[in-house]
2 protein chains.
Amino acid sequence: MSHSGKTFHINAFLMGVGHHEAAWRHPRTEEHRLLDVEHFRELGRIAERGRLDSVFFADNLAVGPRIERNAPAVFEPITLLSAIATATEHVGLIATASTSYNEPFNLARKFTSLDHISHGRAGWNIVTSGNAEEAYNFGYDAIPEHARRYERAQEFLDVALNLWDSWESDALELRTASGVFADPDKVHRIDYSGERFRVRGPLNSPRSPQGRPLLVQAGSSESGKEFAARHAEAVFTAQRTLEEGRRFYQDLKSRLPRYGRSPDELKVLPGLVPFIADTAEQARALEQEFTDLISPDYALRQLSGMLGVDLTEHALDAPLPPLPAESDIQGGKSRFTLVKELAEREELTVRQLIGKLGGGRGHRTFAGTPEQIADELQSWFESGAADGFNIMPPYLPGGLTDFVDRVVPILQQRGLFRTEYTATTLRGHYGLPPVESRRFTPIPTAAGA
Amino acid sequence: MSHSGKTFHINAFLMGVGHHEAAWRHPRTEEHRLLDVEHFRELGRIAERGRLDSVFFADNLAVGPRIERNAPAVFEPITLLSAIATATEHVGLIATASTSYNEPFNLARKFTSLDHISHGRAGWNIVTSGNAEEAYNFGYDAIPEHARRYERAQEFLDVALNLWDSWESDALELRTASGVFADPDKVHRIDYSGERFRVRGPLNSPRSPQGRPLLVQAGSSESGKEFAARHAEAVFTAQRTLEEGRRFYQDLKSRLPRYGRSPDELKVLPGLVPFIADTAEQARALEQEFTDLISPDYALRQLSGMLGVDLTEHALDAPLPPLPAESDIQGGKSRFTLVKELAEREELTVRQLIGKLGGGRGHRTFAGTPEQIADELQSWFESGAADGFNIMPPYLPGGLTDFVDRVVPILQQRGLFRTEYTATTLRGHYGLPPVESRRFTPIPTAAGA
Ligand SMILES: Cc1cc2nc3c(=O)[nH]c(=O)nc-3n(C[C@H](O)[C@H](O)[C@H](O)COP(=O)(O)O)c2cc1C
Ligand SMILES: Cc1cc2nc3c(=O)[nH]c(=O)nc-3n(C[C@H](O)[C@H](O)[C@H](O)COP(=O)(O)O)c2cc1C
């Protein structure tokens, strides 16, 4: 079972009561715990029992297309993760937050708070918010253009990085006798002035244990990949086949040197929705039970949003109608292309497509025994398609418990996954070096414009 | 000791390691716990041991005037209170958040999260952010005008109130068999369109236990009082003498009927910084120890900010120079007037003024025995100057422990304060009825403009 001794990383992507869009209807799901903070704290402890690198909560700043059929994200992730931080000691805590609908000062500060509270376990999944419904909650009549959203994300991140460096790590002195609270020469204004933001700084908090949150990114469009190559330390991505996975991995890693970064500085984590059972047949039957609970009317609206066409009146047993070009999509470009190619490649009817997407809205679903799931992960890892995985339990808490108690031990036996935590910070779990505190040199203001 | 059987309310206003501006330098203070979340969770438990109504964390979106001398607010309050929520069961959790530098959708949603996480204990101290330094972190060259800030606060609150009512309390159905997640007729768009905000809604979370956070306000200018009379359910205020306290109380309460509210629907909580010791003399000596640790250079800058004049070169033993009129102050108007009147009335030099302000930046400081402090609170309560108190421990955790363990039992013996919690929500602690979930009728858009 030896394989060069390298180990991989595991993030648990926790969505309400499960990733499957019909999760809340299945008897294995504890759907009544949707609003129960103890449910989420327990999930954190289960992940920690499995020595997972991190847990992750997505976010969406609007209710979805049909509230009668499915759950919104409910909890604001940073607020929720703070409650989980105090129930756990090791596991990393990654929150989605939007660069389109926040102020950089406020968000930088919140992540610093979470990093202090968790003693160095905060991570930020940087998103630009791809749904029109979100835009309507922030004064827009339509979703801001894809390219503009990424430009704002870029500037937002420049501001945040400056703010996180505005306190040097030894700025706090607390010399009570002489009355020196902090060394003013180590606390810096940032005087940022860009196209969209003007922020004086410094941040109103001493530097946190990690210096800043782990920077995570999850958009796989061209702009998304460039952004990731420049900034991200971990990338969540939906890849359906090993071949696609390898191509994406190589593509993304090859972009890092242009930003003066080594490929190791970014971990690629494709998603997997695992249905786990004693036999492959039972696992497939379990998945089918979930598929059978999908509401086509809800799924059609969700699919309409992803594909930029109205499918609500479309026949379920027909193939997809003609679709727009990726360049016309202002929401999520990479997800659009993934779904389009999936439907074409496998010649799916809309009903079949909905079934395939139910588990993870495009992420790969895999039904099998614990051994088979371990094999699958090992093969992706060893074929150069992944540095680790974004595990998306279809229902909770059982889907996470099964993964942690049945799959993780196999990975550990094979030497593919840690048996104890060896680091104390989220960065450490992902094998990333500490962010050095540096003499402050402001990042240059966004070019020209 | 009988007095009509009425009891009062107590909020603990917790500031980092203490309210006194030199707290971090005094040996009684655990200044090294400034960044330690367990310090704050312990404070929550101490408050709960004393059956206090609530704990409160202020906020300020910038570092103060001289970082070498004093602590900024460090933790973002909602994130911090989420960690405290899981360490406590009863005590209310009030966070400051600014209407000037947030988006209503995001903030409404965060408070809903905190209210879910704490099972109905969230409160919001609504502030407009009165320091120029904060404005510079959000793209402004100068602080937005006082009147404009209150206008924005008004519109912000209208949006938030609409969002909190966008889910009726029985909207969540979770009917797994028929697949009905929520009743779409009970989840409403708000379609708010005002001068500053356009927000479609609904909120992306089912209604929280309290429906919305307890609404708290702490500005005592004319605009502040009108805002409070219209919306606030509790008011923090700095009143230095019993006479001023009574006048403020009557003034504020008399404004409620104009908004169709009864005076009981708003609780007035003047602040008090207690120095507690076995004898009055020891208590005064303790206060003096703190006063002696004040850095005049820091205090001068803080005072300059409050008064709108540069005092950094001003002689310490001279009286104040001539001051601007309140109408010229764009920061905090009521605090300006309080400090100005204090200096004039007591004919203070700048040095004396700084000493008086050190404990609570204008709030009343009182040094005495536990009995004397209880007497003082009782007298304010029974003279119609207070419905309760905002207790501001000068140093932490000892200043809170002493109040809870030495003053509270006296108040309880006198029948002035609860001996057990009788309610389960923050509103309940303050004797306020639940917010009824209503058939949704949008609050009209801000008038004209
Ligand atoms: C695993 C994963 C998690 C994501 N989580 C979120 C999220 O929480 N909120 C969000 O707005 N978008 C989320 N996204 C979407 C992406 O961040 C991105 O916005 C989307 O893929 C469109 O970007 P693109 O146009 O670059 O492909 C997620 C994507 C993936 C693969
Ligand atoms: C007890 C108390 C707590 C306060 N907390 C905050 C705070 O956390 N953040 C803030 O910006 N202002 C805070 N303030 C200031 C007021 O909210 C208000 O902005 C200030 O008094 C100026 O308002 P005015 O001009 O109406 O007097 C507080 C005031 C009091 C009395």
Side-chain angles (χ1 to χ4, degrees), chain A residues 22 24-27 31-32 34-35 37 41 60-63 66-76 78-80 82-83 85-87 101-103 105-106 109-110 113-114 116-117 133 136-139 174 176 179-184 187 197-202 204-206 293 295, chain B residues 22 24-27 31-32 34-35 37 41 60-63 66-76 78-80 82-83 85-87 101-103 105-106 109-110 113-114 116-117 133 136-139 174 176 179-184 187 197-202 204-206 293 295:
Chain A
W24 67 276
R25 298 185 61 190
H26 194 278
E31 84 288 346
H32 57 281
L34 186 68
L35 297 170
V37 68
R41 301 179 91 215
N60 203 288
L61 301 171
V63 297
R66 288 204 67 179
I67 198 60
E68 60 269 52
R69 295 291 179 246
N70 212 333
V74 180
F75 287 105
E76 190 282 315
I78 298 176
T79 310
L80 181 60
S82 181
T86 60
Y101 307 122
N102 278 294
E103 285 283 341
F105 189 92
N106 289 334
R109 203 272 191 106
K110 271 175 198 300
S113 287
L114 183 63
H116 278 302
I117 287 170
E133 283 78 15
Y136 307 147
N137 289 331
F138 296 90
L174 284 180
T176 55
V180 179
F181 180 80
D183 180 345
V187 182
F197 301 115
R198 284 190 307 128
V199 178
R200 189 173 82 165
N204 54 349
S205 169
L293 291 171
S295 299
Chain B
W24 68 276
R25 298 186 61 189
H26 194 277
E31 83 289 346
H32 57 282
L34 187 69
L35 296 170
V37 68
R41 300 179 92 216
N60 202 287
L61 301 171
V63 298
R66 288 203 69 178
I67 197 59
E68 60 269 52
R69 293 291 179 248
N70 212 333
V74 179
F75 287 105
E76 189 282 314
I78 299 177
T79 309
L80 181 60
S82 181
T86 60
Y101 307 122
N102 278 294
E103 285 283 340
F105 189 92
N106 289 334
R109 202 271 193 109
K110 270 174 197 303
S113 288
L114 183 62
H116 279 302
I117 287 170
E133 284 77 15
Y136 306 147
N137 289 330
F138 296 90
L174 284 180
T176 55
V180 179
F181 180 80
D183 180 344
V187 183
F197 301 115
R198 285 191 307 128
V199 179
R200 189 173 81 165
N204 54 350
S205 170
L293 291 171
S295 299

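Chain A is the first sequence line, chain B the second, and so forth, proteins listed ahead of strands; every chain is numbered from 1.
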- Task: Can you sort out the partners of B:R200 under side chain to side chain donor-acceptor pair (under 3.5 Å), two or more places apart, ordered by chain and number?
- Result: none

- Task: Sequence neighbours left out, what passes ring-ring contact (aromatic ring centres under 6.0 Å, His included) with B:Y136? Give chain and number order.
- Result: none

- CZ of A:R41 to OG1 of B:T86, rounded to nearest 0.5 Å, is 4.0 Å

- Query: How long is the span from the OG atom in A:S82 to the CZ atom in B:F75, to the nearest 0.5 Å?
  - Reply: 9.0 Å

- Item | Option in B:V187, B:T79, B:L293, B:N102 with maximal non-hydrogen atom pairs under 4.5 Å from chain A | B:T79

- Out of curiosity, A:L114 CG to B:L80 CG, how far, rounded to the nearest 0.5 Å? 11.5 Å

- Under 4.5 Å, counting heavy-atom pairs only, tell me which of B:V199, B:I78, B:I67, B:D183 racks up the most with chain A. B:I67

- Task: Tell me, for B:L34 versus chain A, whether the close heavy atoms (under 4.5 Å) come from the side chain, the backbone, both or neither.
- Result: side chain

- Query: Quick one: what part of B:F197 sits under 4.5 Å from any heavy atom of chain A, side chain, backbone, both or neither?
  - Reply: neither

- Query: With the threshold set at 4.0 Å, does a side-chain nitrogen-carboxylate oxygen contact exist between A:R109 and B:E76?
  - Reply: no

- Task: Flag the one option from A:E133, A:H116, A:H32 with the top tally of heavy-atom pairs under 4.5 Å to chain B.
- Result: A:H116

- Message: On a heavy-atom basis, which atom in B:G201 and which in A:N137 lie closest, and how many Å separate them?
- Response: N-OD1, 2.7 Å

- Query: Does any heavy atom of chain A fall under 4.5 Å from the side chain of B:A62, the backbone, both, or neither of them?
  - Reply: backbone

- Heavy-atom distance under 4.5 Å to chain B: side chain of A:V37, backbone, both or neither? side chain

- Item | Taking every non-hydrogen atom, the tightest pair across B:W24 and A:F181 | CH2-N, 3.3 Å

- Message: If I take atom CG from residue A:N106 and atom CD from residue B:E103, how far apart are they, to the nearest 0.5 angstrom?
- Response: 10.0 Å

- Item | Partner chain A: residue of B:P206, B:S113, B:S205, B:S295 with the largest heavy-atom pair count (under 4.5 Å) | B:S113

- Residue, of A:L174, A:L35, A:N204, that accumulates the most heavy atom pairs under 4.5 Å with chain B: A:N204

- Part of B:V74 within contact of chain A (heavy atom distance under 4.5 Å): both

- Item | Contacting moiety of B:V63, where chain A heavy atoms sit under 4.5 Å | both

- Query: chain A heavy atoms under 4.5 Å from B:P27: which part of the residue, side chain, backbone, both or neither?
  - Reply: neither

- Minimum-distance pair of heavy atoms, taken over all atoms of A:T176 and B:R25: O-NE, 2.8 Å

